[in-house]
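Encoded as structure tokens, the structure appears first; notes follow it.
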Amino acid sequence: VTKNSARVDFADLEQVVIKLFEYRGVPSEDAEIVARHLVRADARGVHSHGVLRLNFYLAKLDSGTLNPATVLTPKQETPLLKRYTANNGIGQVVATQAMGIAIAAAADNGIGIVLVSESNHFGIAQLHTLLAAEAGFIGITLSNASPAFAPTGGITKLIGNNPWSVAVPSEGPFPIIIDMANTVVARGKVLTALEEGRAIPEGWALDKTGKPTTDPAAALQGTMLPLGGHKGYAIAVAIELLTGALSDGGSFDQVVYPGVPDRISNVSHLFIAIDPAMLGPFGYPERVSSVIKRIKEVECSPGVAEIYLPGEQEARREAESRKNGVLLPPRILDVVSKQAQHASIELPW
Ligand SMILES: NC(=O)c1ccc[n+]([C@@H]2O[C@H](COP(=O)([O-])OP(=O)(O)OC[C@H]3O[C@@H](n4cnc5c(N)ncnc54)[C@H](O)[C@@H]3O)[C@@H](O)[C@H]2O)c1
């Protein structure tokens, strides 16, 4: 977010994005889901995965590599454990449906586990687990993604940054949500450094020969580095085994970056919902609130005003965005304007 950023009303932005998807034949109900997810990503401050992604998704709809109609077809179903193909549907809609199925199974049985293959980029993982937490369930989601880095010691880009999220319900004032991918930083930050003519810090990426680099152009030809060295690599392998392999879906380079308009993405996900109330009447949300309280009571380092819980800053930013408008940098507003112009949609701002 730069000093030229502008605030756009949440509902106005949502309506424009809905129309952009409807224009491509996406059913209104699904257009509403994907629009809400993209706008909420910006509202929560995750601009890399907000309306900026319209360019990717709409290009894929135009080239026929993203199915406007999202339908989950069962491959295997037991009361607790279910596996579906998403038939190349829209990732955010797939995830909303799949987490809904996991929650329904958890309401009956205490836990629901849903695997999905042949899906697409599902945006920010936290909104899927939040769906569970808002309904009083623990939500867990994992997804594979296109190759981002090499296995530790290797040169070839093979492992996805494989995002994951855990959300738990609390008594308030916000659910705790952990949500991250497994590279030190997103590749988008290297692209920004290249555009701005800046070097990148050592430790972000390797060049194509496997040597550390601070040159963003060399980094883009090479690979990103996993979070925490071999640990990020190991976590990403675990996620690959629990998504692509366990859903019998695409893995590694069978998963294609969503910015490639003419190829199917072939992403796999896992969704888990757990009903803590089934573990007895001890009051899990109260326990979570006491975790929040204990952490908040820790003495701050010099110069630090407040300790945050994971998900807290995102929740605060969303509340602020809903009240005062979503703060968007000019280049993202430009993406929305150009797309709206192309579809002859009038901007309300
Ligand atoms: N769909 C995909 O294929 C895909 C791929 C990569 C990333 N993503 C999404 O990109 C987003 C960004 O990922 P990221 O790895 O850059 O996340 P991040 O580094 O911004 O945040 C990671 C976690 O740390 C928490 N956090 C951050 N600062 C904190 C602080 N000061 N105190 C307490 N907690 C704090 C956040 O709440 C979050 O849970 C995520 O939403 C992720 O799902 C999606």
Side-chain angles (χ1 to χ4, degrees), residues 1 34 37-38 40-50 52-53 56-57 60 66 86 90-96 98-99 116 119-131 133 139-149 159-168 174-192 204 224-228 231-232 235-236 239-240 243-244 249-252 255-260 265-271 291-292 295-296 298 300-301 303-318:
V1 176
V34 62
H37 281 248
L38 294 177
R40 281 187 86 181
D42 283 306
R44 295 172 80 80
V46 193
H47 296 293
S48 55
H49 288 70
L52 177 67
R53 296 282 173 151
F56 285 4
Y57 296 172
K60 284 182 72 68
L66 178 58
I90 297 173
Q92 284 82 348
V93 182
V94 171
T96 302
M99 187 54 101
V116 183
S119 183
N120 277 282
H121 188 265
F122 71 11
I124 59 170
Q126 61 193 266
L127 293 179
H128 315 316
T129 52
L130 184 56
L131 206 61
I140 301 171
T141 190
L142 319 175
S143 180
N144 68 3
S146 59
F149 57 84
I159 317 288
N161 61 3
N162 299 359
W164 60 274
S165 175
V166 175
V168 298
F174 52 87
I176 300 180
I177 314 180
I178 297 98
D179 174 21
M180 69 185 78
N182 299 301
T183 42
V184 176
V185 296
R187 197 166 169 272
K189 292 202 176 143
V190 181
L191 273 170
T192 311
W204 280 16
M224 299 304 295
L225 277 166
L227 156 86
K231 295 186 189 181
I235 294 170
I239 294 173
E240 189 57 61
T243 55
S251 278
F252 302 124
V255 183
V256 177
Y257 184 60
V260 179
S265 290
N266 203 13
V267 180
S268 306
H269 324 292
L270 170 70
F271 301 90
V291 167
I292 294 176
I295 292 178
K296 286 281 184 189
V298 169
C300 294
S301 304
V304 173
E306 186 178 1
I307 290 170
Y308 297 111
L309 271 296
E312 180 178 1
Q313 288 169 292
E314 290 85 344
R316 284 195 197 184
R317 282 188 213 116
E318 181 170 346

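What you see below is based on every heavy atom in this structure, not just the backbone, and it leaves out hydrogens, waters and symmetry mates. Atoms within a ligand are numbered from 1 in the order they appear, just like the ligands themselves.
- Atom 34 (N) of ligand 1 has Pro310 CA, 3.5 Å as its closest protein atom, hydrogens excluded (heavy atom only).
- For atom 20 (O) of ligand 1, no protein heavy-atom neighbour is found at a distance under 4.0 Å.
- Nearest approach of Gln92 to His121, heavy atoms of both residues: OE1-O, 3.6 Å.
- Taking a distance limit of 4.0 Å, we find that atom 43 (O) of ligand 1 is approached by some protein heavy atom.
- Here's the thing with Glu314: one of its N/O atoms is less than 3.5 angstrom from an N/O atom of ligand 1.
- For atom 24 (O) of ligand 1, no protein heavy-atom neighbour is found at a distance under 4.0 Å.
- Partners of Phe174 according to the ring-ring contact (aromatic ring centres under 6.0 Å, His included) rule, which considers only residues two or more places apart in sequence or in another chain, do not exist here.
- When distances from atom 37 (O) of ligand 1 to the protein are checked, a heavy atom turns up under 4.0 Å.
- In this structure, His37 has its ring center closer than 6.0 angstrom to the ring center of His128.
- For an aromatic pair to be called close, the ring centres must be under 6.0 Å apart, and His269 with Phe122 satisfies this.
- Between Ala86 and Val94 the shortest heavy-atom distance is CB-CG2, 3.7 Å.
- Considering OG1 of Thr243 and CZ of Phe271, their distance stands at 10.5 Å, rounded to 0.5 Å.
- Ranking protein heavy atoms by distance to atom 10 (O) of ligand 1, first place goes to His49 CE1, 3.3 Å.
- The nearest non-hydrogen atom to atom 2 (C) of ligand 1, considering only Gln313, Arg44, His121, comes from His121.
- Scanning both residues, Val116 and Ala98, for their nearest heavy atoms gives CG2-CB, 3.9 Å.
- Closest to atom 33 (C) of ligand 1, if we only count protein heavy atoms, is Tyr308 O, 3.4 Å.
- Counting only heavy atoms, the protein gets under 4.0 Å from atom 17 (O) of ligand 1.
- Considering backbone and side-chain N/O of Gly311, one or more are found under 3.5 Å from N/O of ligand 1.
- To the nearest 0.5 Å, atoms CG (Leu127) and OG (Ser165) are separated by 9.0 Å.
- If you check which protein heavy atom lies closest to atom 40 (C) of ligand 1, you get Asp179 OD2, 3.2 Å.
- Taking Lys231 as the reference, nothing meets the side-chain contact (heavy atoms from CB on, under 4.5 Å) condition, with sequence neighbours excluded.
- Within the 4.0 Å heavy-atom shell around ligand 1 one finds Gly123.
- In this structure the side chain of Asn120 reaches within 4.5 angstrom of the side chain of Lys60, judged on heavy atoms.
- The shortest N or O to N or O distance between Val46 and ligand 1 is not below 3.5 Å.
- Looking at ligand 1, you won't find any N or O of Asn161 less than 3.5 Å from one of its N or O atoms.
- At a heavy-atom cutoff of 4.0 Å, ligand 1 is contacted by both the backbone and the side chain of Ala181.
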